[in-house]
Number of protein chains: 4
Amino acid sequence: MIVDTYKTLREEAYEANLEIKKQNLAIYTWGNASAFDPDKAVFAIKPSGLPYDELTPESMVIVDLEGKTVYGNLKPSSDTKTHQVLYREFTGIKGIAHTHSPYAVAWAQAKKPVPVFGTTHADHGTEEIPCTDFIGSEEVKNDYELETGKLIAGTFKKRNLNFTHISMVLVAGHGPFAWGQSAAQSVYNAAVLEEICKMALLTLRVDPETKPLPEYIIAKHWERKHGQNAYYGQK
Amino acid sequence: MIVDTYKTLREEAYEANLEIKKQNLAIYTWGNASAFDPDKAVFAIKPSGLPYDELTPESMVIVDLEGKTVYGNLKPSSDTKTHQVLYREFTGIKGIAHTHSPYAVAWAQAKKPVPVFGTTHADHGTEEIPCTDFIGSEEVKNDYELETGKLIAGTFKKRNLNFTHISMVLVAGHGPFAWGQSAAQSVYNAAVLEEICKMALLTLRVDPETKPLPEYIIAKHWERKHGQNAYYGQK
Amino acid sequence: MIVDTYKTLREEAYEANLEIKKQNLAIYTWGNASAFDPDKAVFAIKPSGLPYDELTPESMVIVDLEGKTVYGNLKPSSDTKTHQVLYREFTGIKGIAHTHSPYAVAWAQAKKPVPVFGTTHADHGTEEIPCTDFIGSEEVKNDYELETGKLIAGTFKKRNLNFTHISMVLVAGHGPFAWGQSAAQSVYNAAVLEEICKMALLTLRVDPETKPLPEYIIAKHWERKHGQNAYYGQK
Amino acid sequence: MIVDTYKTLREEAYEANLEIKKQNLAIYTWGNASAFDPDKAVFAIKPSGLPYDELTPESMVIVDLEGKTVYGNLKPSSDTKTHQVLYREFTGIKGIAHTHSPYAVAWAQAKKPVPVFGTTHADHGTEEIPCTDFIGSEEVKNDYELETGKLIAGTFKKRNLNFTHISMVLVAGHGPFAWGQSAAQSVYNAAVLEEICKMALLTLRVDPETKPLPEYIIAKHWERKHGQNAYYGQK
């Protein structure tokens with residue numbers, strides 16, 4: 001039965017979307033999260049324009065990597081093609097979250113990458129959080145949401161960034177996207193991004209001349225959480 | 001029975017007023033929302049000075065477009081005449097919300113329009129959010145709240161703004177008014193306005209030289225949500 | 001029975017103290033509110049150092065205008081003498097609230113009066129919110145809390161301010177005091193003060209050169225709420 | 001029975017860790033608190049990487065002053081050695097809290113001590129809140145968390161600071177640590193630190209030239225709460 005086939009994936013996407021609301025990362029219908037199943041090459045995503053409190057696991061839409069809806073009666077999120085491109089380009093990720101959280105949006109609107117000012121950042125990424133260029137006018141005319149995905153992937157390629165070391169990005173003039181090993185982790189990363197953006201902005205209010213954290217501290221914090229000899233957590 | 005005639009309208013206004021509180025757009029008795037019935041040419045509005053938790057659907061006051069109370073025992077909001085003018089001038093709107101949300105008030109007090117810094121703004125309006133001039137001393141002496149309505153309508157006329165493309169305004173030194181296709185949508189727009197004002201202020205804290213979003217991105221975001229070929233949501 | 005004599009007053013003070021917590025005007029044990037009975041010339045005040053969730057109506061301490069505890073087993077708030085002086089100096093007030101709300105404290109620490117930037121302020125006071133000088137070293141040695149009361153009253157006298165038109169003050173380097181026709185109203189005014197201080201700070205972030213509201217708008221907003229022909233509310 | 005031996009200590013640590021969450025001093029698994037028993041020379045601390053809502057009193061890990069786990073099946077917090085050093089160096093303290101609260105982190109990331117701008121600060125410490133230097137690269141290679149403890153203790157020695165008069169510190173580029181007479185008091189101090197850091201940042205936004213509070217007011221506020229003739233509270 002096809003329904004049962006996607007049941008777990010839909011539930012994972014549903015829980016992740018609720019978490020966007022719970023973590024105050026978007027108001028009303030804004031934002032969306034998806035969960036990817038690499039074996040079936042499909043992802044479950046929030047339906048377009050529905051308020052979070054009207055969502056159910058059943059309302060999640062199943063879309064394949066060509067952008068075709070393979071299960072569900074509702075239209076998928078208007079940002080679906082951005083998710084689709086990222087699942088194709090960033091091989092191995094299993095969840096994506098897009099929010100309109102205000103501090104992350106502020107950095108995106110100012111078109112500024114977020115420097116690594118402290119260990120909170122270094123615990124989650126070894127480099128500054130990149131901000132893309134504005135999407136071009138041809139790309140907007142062509143296929144806006146698909147091109148947004150390409151813009152993100154292109155930014156990582158051009159700047160030689162590793163999407164497993166920095167699982168967050170700011171799309172200039174728009175807002176944040178985050179990803180991870182699961183839909184839940186992608187929302188976690190979106191919440192971390194908002195907190196890092198808030199801390200970075202407050203840091204510059206205390207001292208506009210603040211310098212980034214020394215490299216050896218960045219490396220240490222990353223390694224103790226994510227390196228080969230990581231000793232954070234119960235693993 | 002006259003009570004039943006306005007029952008739905010009063011309930012709509014009641015729910016919208018509660019939403020002002022729920023969305024943290026005003027403290028105590030501040031702020032008010034109204035719901036308009038174009039067929040009957042009357043609107044239901046919050047009674048003056050009552051705390052939100054003492055409101056009931058029955059306490060909403062029904063006022064006609066001459067400002068006359070046609071149903072209800074309480075005095076309507078002191079801002080009633082501003083609503084009255086806007087319903088006359090902005091033909092087609094069916095709800096108005098006035099709040100004292102702090103970021104919108106900050107821009108209003110600074111007498112600055114809010115630039116379109118990002119897609120969150122463009123999703124809800126194609127131009128900067130206008131700020132009126134200070135109301136004149138003659139207008140204050142004459143009929144303050146009525147003249148506030150005229151000031152808003154006049155600002156839109158003078159600047160050739162379309163009130164269906166920008167359904168929000170800042171009254172200089174005072175605060176925000178928003179409107180929409182229903183009372184609920186007017187409160188939604190008031191919440192969006194607060195979020196946009198917060199994001200814009202934070203953006204300028206990241207970079208005071210931030211430039212507005214390119215026109216082609218503004219147009220795209222407006223079109224995908226509100227244009228003829230809109231594809232956002234389930235419609 | 002002496003217990004019953006002060007029952008209502010203690011309950012009024014108790015409710016006002018809980019409201020300080022509910023309105024997020026102080027954390028932990030910080031802040032205090034009192035309720036004054038002019039006929040008995042006593043006030044009920046929070047006991048010193050008790051967390052808000054341990055308070056009961058019975059725990060409120062009754063103090064007379066000489067500072068003597070006339071009822072209650074607990075020590076009254078360490079700020080009791082400040083309240084005592086204000087009840088003596090500001091004849092007619094029936095409630096006082098002292099908080100450590102962060103935006104009001106910020107203005108107090110910066111030793112800056114809060115300009116009338118908008119109608120939110122004008123609805124509650126016709127002039128800028130005054131900030132005292134630092135209390136003198138002799139006054140600190142003499143009787144700190146009593147002298148704090150004198151400092152507030154002296155600031156109003158020296159600047160020819162009317163304590164019924166401006167029912168709030170910032171004590172330099174310390175924080176806000178507010179008063180009113182009841183303990184409840186004093187806490188309301190403390191919450192208004194925090195909101196005004198937040199709005200004023202944000203306003204200066206939008207434009208550091210912001211000028212105060214024109215006098216005729218200030219006068220209008222005060223008059224419509226508090227003047228002889230006030231028409232705000234249901235009175 | 002060894003379980004009962006540490007029961008109270010584990011419960012104290014458990015409650016303190018929950019309070020970190022309740023006071024919004026950290027999101028997700030960030031932050032940790034411990035409770036020290038000087039007689040047994042052991043402390044109970046949060047297990048590494050567990051979300052606050054999965055904690056139980058039983059999950060707290062008991063560690064001795066050599067860093068050895070003496071009771072518990074889980075790995076203790078990755079910051080355990082920092083706690084261990086502080087319990088050895090700051091004789092008499094019985095609780096430590098480490099958080100990632102955003103305003104305290106902002107000052108730590110900007111590497112700035114927090115000046116005594118007001119009585120809220122003076123009520124809890126007589127001097128500015130110190131910020132350490134960046135930890136050195138040799139120390140990071142050697143034993144990062146142990147060296148972080150030494151860095152804190154060394155900062156207090158070098159600057160001749162009294163850890164009972166200032167029970168809070170900012171570790172440069174990282175964040176805050178606070179301590180006290182109990183685990184509960186250490187979390188209280190961490191919350192106070194966040195509030196002081198927020199107030200100080202807002203103060204500088206009102207006036208960047210703000211000067212610290214005069215010494216005689218600082219001394220008075222400290223004395224009335226903590227001096228020999230303290231009269232704050234019910235003691």
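So that the names make sense, note that chain A is the first sequence line, chain B the second, and so on, each numbered from 1.
Proximity to chain C (any heavy atom under 4.5 Å) is shown, for B/Leu204, by neither the backbone nor the side chain. For B/Glu138, no part lies near chain C; criterion is any non-hydrogen pair under 4.5 Å. Both the backbone and the side chain of C/Thr203 have a heavy atom closer than 4.5 Å to some heavy atom of chain B. For B/Ser77, no part lies under 4.5 angstrom from a heavy atom of chain C.
The structure places OG of B/Ser78 at 8.0 Å from NZ of C/Lys225, a figure rounded to the nearest 0.5 Å. Distance check: B/Ile27 CD1 to C/Glu195 CD gives 4.5 Å after rounding to the nearest 0.5 Å. Between B/Tyr144 atom OH and C/Tyr231 atom OH the span is 8.0 Å, to the nearest 0.5 Å.
B/Ser48 and C/Gly233 make their closest contact through OG-N, 2.7 Å (heavy atoms, listed as atom of the first residue, atom of the second, distance). What you find for C/Ile217 and B/Phe134 is that their closest heavy atoms are CD1-CD2, 4.1 Å.
Within a 6.0 Å sphere centred on CG of C/Asp53, other residues, nucleotides and ligands contribute more than 12 heavy atoms. Within 6.0 Å of atom NZ in C/Lys94, 12 or fewer heavy atoms from other residues, nucleotides or ligands are found, so the atom counts as exposed in its surroundings.
Note: C/His221 leads C/Glu209, C/His221, C/Lys211 in heavy-atom pairs under 4.5 Å with chain B. For the set C/Asp123, C/Val206, C/Asp207, the count of heavy-atom pairs under 4.5 angstrom toward chain B peaks at C/Val206. Among the candidates B/Cys197, B/Gly136, B/Ala172, the residue making the largest number of heavy-atom pairs closer than 4.5 Å to chain C is B/Gly136.
In this structure, C/Gln234 contributes its side chain and B/Lys75 its backbone to a donor-acceptor pair below 3.5 Å. Between the side chain of C/Arg205 and the backbone N or O of B/Leu202, no donor-acceptor pair lies under 3.5 Å.
The shortest distance between side-chain heavy atoms of C/Tyr232 and B/Asp79 does not fall below 4.5 Å.
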Evaluate the criterion side chain to side chain contact (heavy atoms under 4.5 Å, CB included) for residue pair C/Arg224 and B/Glu145; output intermediate values, then yes/no.
CA-CA 11 Å; C/Arg224 77 173 194 161; B/Glu145 292 82 8; 2.6 Å; yes
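Among the residues in residues 100-113 of chain B, those with a non-hydrogen atom closer than 4.5 angstrom to a non-hydrogen atom of chain C are B/His100, B/Pro102, B/Tyr103, B/Val105, B/Ala106, B/Trp107, B/Gln109, B/Ala110, B/Lys112.
Under the ring pair (Phe, Tyr, Trp, His ring centres under 6.0 Å) criterion, C/Tyr188 pairs with B/Tyr28, C/His124, not counting sequence neighbours.
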